[in-house]
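The next block holds one structure in the form of structure tokens; read it before the comments.
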There are 2 protein chains.
Amino acid sequence: MHGGSELELRDVEVFLALADELHFGRTAERLHITQARVSQVIRKLERSTGATLFERTTRTVRLTPIGRRLRDDLAHARDLFQDALVRANCSARGVGAALRVGVLGAMGHEIRPLIEEFKSRHDGGEVQLIESRLSDPFGLVRADEVDAQILWLPVQETDLIVGPVVMTERRVLAVPADSELAVLDSVTWEQLDDHLVADLGSPAPPYWVEALTPRRTPNGRLVKRGPTARTLQEVLALVADGKVVSPLPQHSTRYFPYPGITYVPLRDAPSTQWALVWSSTTDRSGVVRAFARVAEELGSPSA
Amino acid sequence: MHGGSELELRDVEVFLALADELHFGRTAERLHITQARVSQVIRKLERSTGATLFERTTRTVRLTPIGRRLRDDLAHARDLFQDALVRANCSARGVGAALRVGVLGAMGHEIRPLIEEFKSRHDGGEVQLIESRLSDPFGLVRADEVDAQILWLPVQETDLIVGPVVMTERRVLAVPADSELAVLDSVTWEQLDDHLVADLGSPAPPYWVEALTPRRTPNGRLVKRGPTARTLQEVLALVADGKVVSPLPQHSTRYFPYPGITYVPLRDAPSTQWALVWSSTTDRSGVVRAFARVAEELGSPSA
DNA sequence: TGCATTGATAACTCGCGCTTATCGAGATGA
DNA sequence: TCATCTCGATAAGCGCGAGTTATCAATGCA
């Protein structure tokens, strides 16, 4: 017998996240709360069910059979819950209420399976793709001109929520067709020596730009930045014009077979992860999360 | 775009209650919150879905089609949600974890259909009936010796939650077999004149005792109280002994065919409603609410 | 036209959700 | 076996949002 603190959805989210991560610290990080809070919520849940849901030592966290069952049950209930809200939202906004998703370049084509799946699951759900500028990757979400945005990671903005990864792919280097690099089977960062890469201009934050085009080569040599390009088309124009070379996600090769451009695999570049990102203050978090959930279930195809 | 106040289960309960009552004031009363709060929660929900869920004037509240659909969806999700917790609770506590329900007299037999339905819906759910004293109707719940208690209404205790009505029935008057009242087809309160009724003793609160045995007749004459009886058996013994007469719920006639007692229908008594009641600070509100939900769906048979 | 009822809204307050700070238990390695 | 690191539990305190009180405007009814 004690104060009747009711269980809330927020608590369930914590439980489900922990059941997924099996790690208090990472769970906390993922939900943008503290590890202490995760601990408290789980304790509360175990109190109210009367069951031990996780076997935990300081080194391992494991679901008990009851915990596993509860995870399945609650995940299902939670899904229905969100679906109900999404349905209301869709019927309310009608046809003109497409989910507005910001994309860079051709990503809109790449995530077509995701969009199709979302539309088939949520009757009446529409998705509108809006291209955003490389130079201002967070502008559209922040201005509420899109409900969500697909961006390469990392994204470290306190006002943005980073959702599931929707695609993972290797990188290529776009080089002028007449460059000496164009004839190679593959290149390394080191070979960017003496070549300029396009600058994306503000307000794109440096850490984000450098995730695609590092400031230094593995050996520590500075990569020189050249003229500014605000969109992918501008980047491609500069490359075709022989002004710069530019690391790009691999899928670009399929969509932009520019005459003057050759794409060469970047051998030593880690693969690029594209994630769905949205504002923590969005009005339509229900629909956005539903979209995110579909993405999560589909997994992230490696293109 | 605004502060991302997430939707919580508490809010859904308010919505579902309002969808049921279609009246802000009554909804507030039922949930033990203020009418203002109901208004705020509904506004929040309508904001976050973007839909008008209720058509309302100051005189009428009506569900919109979207609201109706949302009610069905959310009610279903909410049920799954609670079921998940109940299941965890049942597996955790195992066989020795019966839901302990306090009853007065033979109510335990009367609600057998309810108990069967509960057991069939919640695998492993057991119900243990515990008889409580008429003289201390709230004692067992407060001492956490039962998880819930079945009592006649009204129950006005700030620390207790009044759940669904499980039965509605007429009243009879138990009279000694040799009383002049025993030969009548029915009696009225007025005819209690010159007869004593049993006193239930403390700590039973007067308002609750008087719901069964009013202090005054409709014409305003005082009903005299006689010797104290703490349990139903004691009441019956006093009646059989010719000491008192006693208004009782009708089902008593089926279970206590005492040789010395005759039951006469009470013509002008309003029917008695039996409701499930539990402590607002119970540890097992999940299971209790699940039981309450089954009761709600079965409705209250008029015996 | 007053009177009663009902839902909406503004302003305030206090409990609880969440934080920061710290601890003890294991694991790892020299 | 001692120093160090990681990880989860816990205590104490803070701040915001859930819920309150007070009041208003609209509507129905005599």
Side-chain angles (χ1 to χ4, degrees), chain A residues 2-48 51-64 67 158-159 161 280-281 283 285, chain B residues 1-49 51-64 67 158-159 161 280-281 283 285:
Chain A
H2 72 290
S5 53
E6 287 298 319
L7 194 66
E8 285 296 336
L9 274 182
R10 169 180 323 141
D11 304 321
V12 174
E13 287 309 332
V14 173
F15 167 72
L16 290 175
L18 181 61
D20 191 32
E21 297 278 356
L22 294 176
H23 188 287
F24 282 68
R26 279 199 301 277
T27 301
E29 209 173 332
R30 172 163 148 189
L31 301 179
H32 302 108
I33 58 180
T34 59
Q35 174 265 319
R37 185 61 193 153
V38 177
S39 207
Q40 291 162 1
V41 168
I42 298 303
R43 174 156 49 115
K44 169 174 158 190
L45 225 169
E46 291 187 326
R47 236 189 105 78
S48 85
T52 304
L53 302 173
F54 296 94
E55 300 282 0
R56 44 204 191 272
T57 66
T58 59
R59 307 306 295 172
T60 65
V61 176
R62 211 171 335 134
L63 271 169
T64 62
T158 50
D159 61 334
I161 294 173
S280 57
T281 60
D283 262 359
S285 70
Chain B
M1 182 114 87
H2 73 291
S5 55
E6 286 299 318
L7 194 66
E8 285 295 338
L9 277 180
R10 176 182 314 137
D11 305 321
V12 174
E13 286 312 328
V14 173
F15 167 71
L16 290 175
L18 180 62
D20 190 32
E21 297 279 356
L22 295 176
H23 186 287
F24 282 67
R26 279 199 301 277
T27 300
E29 209 173 332
R30 173 163 146 189
L31 300 179
H32 303 107
I33 57 178
T34 58
Q35 173 266 318
R37 186 61 192 151
V38 177
S39 206
Q40 290 162 3
V41 167
I42 298 304
R43 174 155 50 116
K44 170 175 158 190
L45 223 169
E46 290 187 327
R47 236 189 105 78
S48 86
T49 56
T52 303
L53 302 174
F54 296 94
E55 300 281 0
R56 45 205 191 270
T57 67
T58 58
R59 308 305 294 174
T60 65
V61 177
R62 209 171 337 134
L63 271 170
T64 62
T158 49
D159 60 335
I161 294 173
S280 57
T281 61
D283 261 358
S285 70

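Lettering follows sequence order; numbering is per chain, from 1.
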* Asked: Base, backbone or nothing for each nucleotide of nucleotides 9-16 of chain C, written B, S, -, heavy atoms under 4.0 angstrom, 5' to 3'?
  -> BBB-----
* Rounded to the Å, how far apart are B/E55 CD and C/dA8 C1'? -> 16 Å
* Who passes salt bridge (charged side-chain N to carboxylate O under 4.0 Å, His left out) against B/E55, sequence neighbours left out? -> none
* Structure fact -> Hits for side chain to side chain donor-acceptor pair (under 3.5 Å) against B/R26, two or more places apart or cross-chain, chain-then-number order -> B/E21
* Asked: Are any of B/R26's side-chain N or O atoms less than 4.0 Å away from OP1 or OP2 of C/dT6?
  -> no
* Can you list every pair that meets ring pair (Phe, Tyr, Trp, His ring centres under 6.0 Å) and has a residue in residues 21-47 of chain B, with sequence neighbours left out? -> none
* Tell me whether the OP1 or OP2 atom of C/dA25 has a side-chain N or O from A/R56 closer than 4.0 Å. => no
* Rounded distance (nearest 0.5 Å) linking atom CG of B/D11 with atom CD of A/E8 -> 7.5 Å
* Which residues share a side-chain contact (heavy atoms from CB on, under 4.5 Å) with B/L53, sequence neighbours left out -> B/F15, B/L45, B/E46, B/T49, B/A51, B/I66, B/L70
* Using the test side-chain contact (heavy atoms from CB on, under 4.5 Å), find all partners of B/E29 that sit at least two apart in sequence or belong to another chain. => none
* Whole-Å gap separating P (D/dA9) and CG (A/L45) -> 13 Å
* Set of side-chain contact (heavy atoms from CB on, under 4.5 Å) partners for B/R43, sequence neighbours left out -> B/Q40
* Listed in order of residue number, which residues of residues 16-24 of chain A have a non-hydrogen atom at under 4.0 Å from DNA chain D? -> A/H23, A/F24
* **B/R59: partners by salt bridge (charged side-chain N to carboxylate O under 4.0 Å, His left out), with sequence neighbours left out** => none
* Tell me: CZ of B/R62 to C1' of C/dT6, nearest whole Å? -> 16 Å
* Rounded to the nearest Å, what distance is computed from the CD atom of residue A/E13 to the P atom of nucleotide C/dC18? -> 12 Å
* Contact class for B/V38 (heavy atom, under 4.0 Å): base, sugar-phosphate, or nothing? -> nothing
* Closest contact, heavy atoms only, A/V38 versus A/L18 -> CG1-CD2, 4.5 Å
* **Euclidean distance, atom CD1 of residue A/I33 to atom C1' of D/dG8 [Å, nearest integer]** => 14 Å
* Asked: Reckon B/V61 touches a base, only the sugar-phosphate, or nothing at all at heavy-atom distances under 4.0 Å?
  -> sugar-phosphate
* To do: Report the distance from atom CZ of B/F54 to atom P of C/dT6, rounded to the nearest whole Å.
  => 17 Å
* Test side chain to side chain donor-acceptor pair (under 3.5 Å) applied to B/T60 - qualifying residues, sequence neighbours left out -> B/T57
* Residues which pass side-chain contact (heavy atoms from CB on, under 4.5 Å) with B/L16, listed by chain and number, not counting sequence neighbours -> B/V12, B/R71, B/L74, B/A75, B/R78
* Asked: Atom CD1 of B/I42 to atom P of C/dT6: distance rounded to whole Å?
  -> 17 Å
Taking only N/O atoms, report every protein-nucleotides 25-30 of chain D pair under 3.5 Å with atom names and distance.
unit_1: D/dT27; atom_1: O4'; unit_2: B/T58; atom_2: OG1; d: 3.1
unit_1: D/dG28; atom_1: O4'; unit_2: B/R59; atom_2: NE; d: 3.4

* **Length of the NZ-P vector between B/K44 and C/dA8, whole Å** => 16 Å
* **Interatomic distance, A/L63 atom CG to A/D20 atom CG [nearest 0.5 angstrom]** => 9.5 Å
